[in-house]
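Note that the structure is predicted; figures quoted are calculated from it, not measured. Basis for what follows: all heavy atoms, side chains included, without hydrogens, waters or symmetry-related copies.
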Amino acid sequence: MIKILGIIMTVGGAIALVMGILGVFGSLALMLHPWALTIIGFIFFLAGISLIKRRKDTEDIEAENH
């Protein structure tokens, strides 16, 4: 479950980061300020990558306990 959340956060962060960068350089008009979207995308991308790399999945923890 944790790895699924990490993948969702990574993909969502990458999409937000790309949209924010395109908005900063003026080739994409957004309803949200492009710098805010870039920062949020960067944070979500890094958080998702760290969840994938560092955390054990809940199924792995349950298997070790039994």
Side-chain angles (χ1 to χ4, degrees):
M1 184 69 178
I2 294 174
K3 293 207 184 260
I4 295 170
L5 180 64
I7 291 170
I8 291 170
M9 288 177 68
T10 303
V11 170
I15 292 170
L17 187 59
V18 168
M19 288 178 62
I21 293 296
L22 289 175
V24 166
F25 291 112
S27 63
L28 182 66
L30 302 169
M31 296 296 286
L32 188 65
H33 197 277
W35 280 108
L37 195 58
T38 304
I39 292 169
I40 289 171
F42 184 70
I43 291 170
F44 270 71
F45 185 75
L46 287 181
I49 291 293
S50 68
L51 274 176
I52 292 171
K53 285 176 58 176
R54 304 281 182 204
R55 301 286 179 197
K56 287 187 178 180
D57 208 357
T58 52
E59 290 84 15
D60 296 337
I61 295 171
E62 289 174 3
E64 287 179 358
N65 290 338
H66 291 293

Run the side-chain donor-acceptor check on residues 12-19: report pairs under 3.5 Å with partners two or more places apart or on a different chain.
none

Let me check something: any side-chain donor-acceptor pairs from residues 35-46 under 3.5 Å, sequence neighbours excluded? List them with distances.
residue: T38; atom: OG1; partner: G20; partner atom: O; Å: 3.3
residue: T38; atom: OG1; partner: P34; partner atom: O; Å: 2.8

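Checked against side-chain contact (heavy atoms from CB on, under 4.5 Å), I8 has the following partners two or more places apart in sequence or in another chain: I4.
Rounded to the nearest 0.5 angstrom, I52 CD1 and T10 OG1 are separated by 3.5 Å.
Residues M9 and G48 come closest through the heavy atom pair CB-CA, 3.9 Å.
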